[in-house]
Amino acid sequence: MNYENYDPFFPDQPVVDLYLPIWAKLSSFKSKPAFIWAEDGPLVQFSSITYEELNSSAQCISSELLLSLRKNDTVLVLCSPGLEFVEVIFGCQRAGVLAVPLSPPHPSFSSGNWYHLLRVVSQTRPKVAIAQREYIKHVEKYVARSSNKKLSDALKKVRWISTEDLKGKKMKMQVENGYNGCNADDVYLIQYTSGTTAIPKPVLVTAGSAAHNVRVARKAYDLHPNTVVVSWLPQYHDCGLMFLLLTIVSGATCVLTSPNTFVNRPRIWLELISEFKGTCTPVPSFALPLVLKRGHAEATTVNNPISMLSLMNLIIVNEPIYNDCVEEFVEAFRPFGLNPLAISPSYGLAENGTFVSTSWRSSSFDKFSTYKKLLPSARLDEDHVDIEILVVNEETNEIVEDGIEGEIWISSPSNAIGYLGHPSLTQQVFNATLKNKAGKCYVRTGDRGVVEGEQRFLYVTGRCSDIIKLSNGQEIHPHYLETLTYNSCPNFLRGGCVAAFEMSEFEYTSVAVVAELQSKGEIESDMFLKQICEGIRKTILKEKGVGIGLVVLVKFGNVPKTTSGKIQRWLAKYKFMKSQMNIIMQMKFDNNGNIQSTMQKIMQIGKKEAKKGKKVLIVEEEEGVFFAPTNRTLKSSL
């Protein structure tokens with residue numbers, strides 16, 4: 001196996017956990033912080049754990065777990081984001097048990113927040129669940145009183161262990177007689193997909209493939225022991241989890257905070273980069289406008305000045321990546337020291353561990369070329385020893401020529417081994433073969449891409465399942481329509497909260513757009529809402545030649561997203577079809593752009609809600625416009 005190693009005296013290890021004791025024993029690393037946690041408040045509070053402390057904690061947790069568990073038993077990790085979560089993840093790997101990290105839903109288990117938990121418990125059948133003691137008390141109270149038999153029965157079958165009990169017993173470190181934790185071929189992690197295109201699926205990740213994945217990422221971003229990572233991404237899966245492993249493999253320091261902290265106060269991300277002289281930070285592309293809107297304005301007016309001089313890698317994830325969005329961010333923060341050469345557009349997915357590639361190169365001084373307003377996420381001109389990325393016609397399974405869109409396929413030691421409990425889907429996704437070329441297997445990513453230019457840049461253009469097929473035979477990616485929708489009325493629509501999808505009705509297919517309105521108080525008139533809908537249709541028709549058949553304006557928080565902030569178009573369509581959205585206005589158009597009557601649909605909704613005893617607003621007399629059931633006036637509902 002080819003390993004990219006920074007020091008021949010410390011050879012690379014087959015699993016990530018084996019790096020930890022190596023660093024912990026070095027005098028220069030014993031007291032070095034491995035992870036620092038930032039808790040926001042009137043004053044930001046910091047806590048940290050050194051390499052020596054993390055290694056000791058992993059051993060303690062491992063020993064405690066193995067008192068009642070066997071190697072390869074499944075453990076559900078329901079810890080809140082923070083240093084305890086990091087300790088438990090490495091403790092599970094040290095014990096050789098199979099970890100299933102999951103963001104803990106509120107223990108009231110209301111508003112449907114328990115569906116995913118029930119799905120995970122049913123699919124993975126954990127022997128043990130690890131959570132904070134207070135959380136476990138709330139779960140026990142819920143189980144004792146709940147009428148939700150399905151969830152209660154599932155939670156009763158699991159034995160609960162508190163993090164306080166796991167860490168509270170100071171166990172004597174065992175004399176090392178060889179490593180007894182995960183082997184490279186052991187499945188050590190069940191990582192759920194984000195749910196962007198379908199219900200989240202459980203991906204089986206081996207310890208060896210995870211180690212390979214972060215070694216490849218370490219080389220790609222040129223990380224080393226002097227690296228300082230800053231991350232607010234969810235720690236439970238994908239990029240947020242990968243950077244925990246990447247930190248240890250690189251011998252680096254990682255400064256963490258929670259996604260909620262970032263959303264509540266985006267500026268904290270900039271403050272942490274400035275305070276700790278961060279050199280590497282991953283950020284979803286959709287977060288850049290949020291920082292510009294709510295974090296940039298205060299950059300020079302607060303006591304803690306912003307400095308991005310130290311930043312070597314601003315890793316942009318969540319493709320497709322728009323060039324204009326990134327350029328606007330760079331120009332805004334160039335005065336604060338941001339080097340445009342630090343921009344690192346990247347590509348990844350759960351089925352490949354997380355990391356796949358980046359178009360960034362440490363030796364490159366060229367500006368990225370673009371394709372249909374998008375930045376590239378990889379370069380395919382380099383000689384990858386054990387990684388192959390192809391663009392394939394998804395119908396014929398043949399490689400397409402450069403310049404032609406197709407599905408991205410990947411063959412890599414980082415590939416996961418399949419989906420838990422889905423043998424036929426595993427065969428289809430993880431064991432794809434090219435036409436007339438038996439032998440080598442690839443992972444079908446479900447992502448569309450195209451290779452362009454002499455440097456063979458790979459552009460990730462969208463999701464195969466999200467593609468909208470127009471009546472004229474052409475195809476378009478919905479994100480283009482969503483961007484135009486927002487740009488048509490940016491002062492009243494929420495950025496990143498628009499979903500476009502196909503709607504099949506009778507004998508023809510139309511395109512629907514659902515957009516969230518900003519919560520800004522009173523809108524001047526109902527006619528103004530109508531103008532927003534018409535403006536969306538006119539903008540898209542002018543820019544893309546696509547006639548929108550349905551425009552729906554909904555309340556704040558109605559467009560569903562993943563925990564990573566990606567739009568769930570399939571779920572938005574489902575919720576709309578099932579009347580599960582708080583609609584403020586809906587307008588339907590015919591093929592000529594004329595407003596059609598929706599009176600029949602209005603009456604159906606009115607009857608349905610009337611049975612539930614809800615008040616229904618009086619329908620406007622204008623054709624094609626109706627307002628959803630509510631207990632308040634239209635204007636007060638915004």
Side-chain angles (χ1 to χ4, degrees), residues 3-38 46-63 82-91 93-94 167 170-179 181-182 207 210-231 235 241-257 272-282 307 309-313 315 342 362:
Y3 293 155
E4 301 79 25
N5 191 31
Y6 283 94
D7 191 332
F9 291 103
F10 302 103
D12 276 316
Q13 305 300 318
V15 299
V16 173
D17 182 48
L18 284 173
Y19 288 84
L20 194 49
I22 293 175
W23 297 124
K25 290 175 184 175
L26 295 175
S27 57
S28 57
F29 276 80
K30 277 187 176 183
S31 58
K32 176 183 177 178
F35 295 96
I36 299 170
W37 179 257
F46 298 105
S47 52
S48 64
I49 186 167
T50 66
Y51 272 90
E52 186 177 42
E53 289 168 342
L54 181 56
N55 183 56
S56 176
S57 180
Q59 186 63 41
C60 174
I61 291 170
S62 166
S63 300
L83 297 182
E84 274 192 341
F85 174 84
V86 176
E87 294 174 78
V88 170
I89 286 295
F90 283 98
Q93 189 168 157
R94 183 73 57 89
K167 295 171 56 185
K170 298 294 182 183
M171 303 188 73
K172 189 175 181 181
M173 291 289 288
Q174 297 174 359
V175 178
E176 295 185 23
N177 295 317
Y179 180 71
C182 288
H212 177 272
N213 196 244
V214 290
R215 282 196 301 267
V216 172
R218 179 187 65 177
K219 181 183 180 183
Y221 298 122
D222 196 22
L223 305 186
H224 45 74
N226 290 328
T227 294
V228 178
V229 176
V230 176
S231 174
Q235 297 174 306
L241 179 58
M242 185 203 75
F243 265 89
L244 304 183
L245 308 182
L246 185 55
T247 296
I248 299 302
V249 168
S250 305
T253 294
C254 184
V255 183
L256 299 165
T257 193
L272 294 177
I273 293 171
S274 307
E275 172 80 15
F276 292 94
K277 295 182 171 55
T279 62
C280 173
T281 185
S307 173
L309 284 167
S310 59
L311 207 56
M312 304 296 293
N313 297 104
I315 299 171
S362 58

As an exercise, state the distance from [atom1] of [X] to [atom2] of [Y], rounded to the nearest 0.5 Å.
{"X": "Ser250", "Y": "Leu245", "atom1": "OG", "atom2": "CG", "answer": "10.5 Å"}
{"X": "Ile49", "Y": "Cys254", "atom1": "CD1", "atom2": "SG", "answer": "13.0 Å"}
{"X": "Thr247", "Y": "Tyr51", "atom1": "OG1", "atom2": "OH", "answer": "6.5 Å"}
{"X": "Glu87", "Y": "Ile61", "atom1": "CD", "atom2": "CD1", "answer": "5.5 Å"}
{"X": "Leu256", "Y": "Ile36", "atom1": "CG", "atom2": "CD1", "answer": "9.0 Å"}
{"X": "Cys60", "Y": "Arg94", "atom1": "SG", "atom2": "CZ", "answer": "11.0 Å"}

Do [X] and [Y] have side chains that get closer than 4.5 Å, going by heavy atoms?
{"X": "Lys30", "Y": "Thr50", "value": "no"}
{"X": "Glu53", "Y": "Leu83", "value": "no"}
{"X": "Leu223", "Y": "Asn313", "value": "yes"}

Could you tell me which non-hydrogen atom of [X] sits nearest to which non-hydrogen atom of [Y], and how far apart they are?
{"X": "Asn55", "Y": "Ala24", "answer": "CB-CB, 3.7 Å"}
{"X": "Phe85", "Y": "Gln235", "answer": "CE2-O, 3.4 Å"}
{"X": "Lys277", "Y": "Ser310", "answer": "C-OG, 3.1 Å"}
{"X": "Pro225", "Y": "Trp23", "answer": "CG-CH2, 4.3 Å"}
{"X": "Thr227", "Y": "Ala252", "answer": "O-CB, 3.3 Å"}
{"X": "Ala207", "Y": "Cys182", "answer": "CB-CB, 3.9 Å"}

Show, in sequence, the C-alpha distance, side-chain angles and deciding distance for Arg215 and Val249, and conclude whether the side chain to side chain contact (heavy atoms under 4.5 Å, CB included) test is met. CA-CA 7 Å; Arg215 282 196 301 267; Val249 168; 4.3 Å; yes
Ignoring hydrogens and angles, tell me if any N or O in the side chain of [X] forms a donor-acceptor pair with the backbone of [Y] under 3.5 Å.
{"X": "Thr279", "Y": "Met312", "answer": "no"}
{"X": "Gln93", "Y": "Asp17", "answer": "yes"}
{"X": "Lys167", "Y": "Glu84", "answer": "no"}

Look at the aromatic rings of Phe90 and Phe35 and report parallel, tilted or perpendicular, splitting at 30° and 60°.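 Geometry flag for Phe35 against Phe90: tilted rings.
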Set out, in order, the CA-CA distance, both residues' side-chain angles and the distance that settles side chain to side chain contact (heavy atoms under 4.5 Å, CB included) for Phe243 and Ile315, then state yes or no. CA-CA 11 Å; Phe243 265 89; Ile315 299 171; 3.6 Å; yes
Should Leu246 and Val229 be marked as a side chain to side chain contact (heavy atoms under 4.5 Å, CB included) after you check the CA-CA gap, both sets of side-chain angles, and the distance that decides it? CA-CA 10 Å; Leu246 185 55; Val229 176; over 6 Å; no
Checking Leu54 against Ile248 for the side chain to side chain contact (heavy atoms under 4.5 Å, CB included) test, could you report, in this order, the C-alpha distance in whole Å, the side-chain angles of both residues, the deciding distance, and whether it holds? CA-CA 10 Å; Leu54 181 56; Ile248 299 302; 3.9 Å; yes
